[in-house]
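Notes to accompany the following structure.
Remember, it's a predicted structure, so these values are computed and weren't measured experimentally.
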Amino acid sequence: MPSFLFKTFLFLLPIFVSFFIFSGCAKTQEQKELKSTDNNVSIRIEGAVYPLEKQDIISAVSGYVKDVYVKNGDKVKDGDIIYSLDKELINLDIENKKMEISSLEQIKEHALKKTTVDGSVPAINLAAIELRKIAFLRSKGYLNKFEENTYKKNYINALFSNNQNNNTDNFEKIKNLNKQIMSSKIDLKKLEYKLKHADAYARIDGFISGLHLSKRESIGTNRKVCSVVNLDKVLIKAGFSTGLLPFIYKGENVDINFVTTPPYSTSAIISQVNPIVNAAFGRMTIEAIVPNKSYLLQEGTRALVTIPLSKKGQDRVKKYFLNNNRDTTLEVKSKI
């Protein structure tokens with residue numbers, strides 16, 4: 001009999017062990033982000049450091065680099081020049097385009113002033129000769145007035161027909177010239193824009209980072225040349241599970257421990273609670289701004305953020321997530 005009980009115990013032992021292991025691990029994400037010390041519960045979440053300000057220097061126009069005025073690590077101020085392109089060819093293209101527009105406008109002016117009557121057209125000449133001949137015969141009494149008027153009508157019709165043809169041709173010519181002038185003026189505007197943006201400037205105070213550019217290098221449009229990063233103050237972002245949103249408030253004081261050498265800790269105030277899930281974190285986030293005078297905090301530095309709870313908040317958290325137990329420190333995992 002004892003042998004039977006022993007065998008039964010051995011059979012059930014793995015089941016009991018599995019039950020206790022999995023029941024202990026099957027915690028919600030909210031439970032994993034709670035810390036219990038001396039029965040005082042607080043929210044503890046992971047985050048990272050981001051620059052408070054960051055400007056990517058993107059090339060607005062293409063060209064050849066004439067000068068690069070900075071190098072990685074240099075501190076620049078708003079308005080400092082980063083690099084400049086060679087403007088000689090741009091200025092030459094602008095002058096040529098202006099001359100082209102002036103020439104087209106002169107041709108257009110001449111076309112507008114051009115007479116619509118061309119006396120060299122044979123039909124008009126013939127009609128005029130015939131009319132003079134008829135007028136001579138009429139003066140001698142060989143023809144009556146009706147016959148003379150018929151030749152007058154022929155002359156007038158020939159003249160009108162020639163005027164119509166000339167006006168049509170002239171109108172089409174002026175229309176085409178207007179199109180050419182408009183196109184050239186657009187080209188001129190593009191060249192002036194290129195000249196204006198041939199120099200790149202910093203728009204914030206900060207440090208140069210990720211610069212890869214040299215003199216005489218050909219550069220295309222929309223190329224990221226470098227970044228200007230302001231690290232005088234840094235932004236801390238930390239992610240929390242959606243179920244903890246009712247317990248986190250803007251303006252709350254939090255404790256932050258950074259993973260740095262030497263270790264560094266500080267306090268800050270929550271400046272923003274973002275209820276929309278952040279793609280990078282896979283959850284909602286809080287934000288806090290921290291001074292960084294020693295520049296110990298760099299972009300990507302990890303941080304552990306502890307958010308204290310009021311007595312009422314602790315009671316609610318225990319009820320919803322901890323079932324009023326007194327667990328020790330619970331594991332915290334981050335998706336960043």
Task: Presence of salt bridge, K77 and D80, under 4.0 angstrom - done: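 Not counted as a salt bridge, because no side-chain N and carboxylate O are separated by less than 4.0 Å.
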TODO: Determine whether the aromatic ring centres of F207 and Y295 lie less than 6.0 Å apart.
DONE: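 Judged by ring-centre distance (under 6.0 Å), F207 and Y295 do meet the cut-off.
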Tell me yes or no: between the side chains of [X] and [Y], is some donor less than 3.5 Å from an acceptor?
{"X": "N257", "Y": "S265", "answer": "yes"}
{"X": "S184", "Y": "E100", "answer": "yes"}
{"X": "S294", "Y": "Y264", "answer": "no"}
{"X": "N278", "Y": "T285", "answer": "no"}

Open item on the list: So, applying side-chain contact (heavy atoms from CB on, under 4.5 Å) with L104, which one of N176, I181, N178 is it?
Closed with: I181
Open item on the list: Just checking K87: does its NZ atom have more than 12 heavy atoms from other residues, nucleotides or ligands closer to it than 6.0 angstrom?
Closed with: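 Enclosed.
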Do [X] and [Y] have side chains that get closer than 4.5 Å, going by heavy atoms?
{"X": "D255", "Y": "V305", "value": "no"}
{"X": "L85", "Y": "Y64", "value": "no"}
{"X": "L235", "Y": "V49", "value": "no"}

Open item on the list: For the CG atom of L245 and the CZ atom of F247, what is their distance to the nearest 0.5 Å?
Closed with: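 Here the rounded value is 9.5 Å.
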TODO: I would like to know whether V254 and T306 meet side-chain contact (heavy atoms from CB on, under 4.5 Å); could you show each step before the answer?
DONE: CA-CA 6 Å; V254 297; T306 302; over 6 Å; no
Task: Intermediate values then yes/no, side-chain hydrogen bond (donor to acceptor under 3.5 Å, both in side chains), S84 and Y69 - done: CA-CA 8 Å; S84 63; Y69 299 95; 3.3 Å; yes
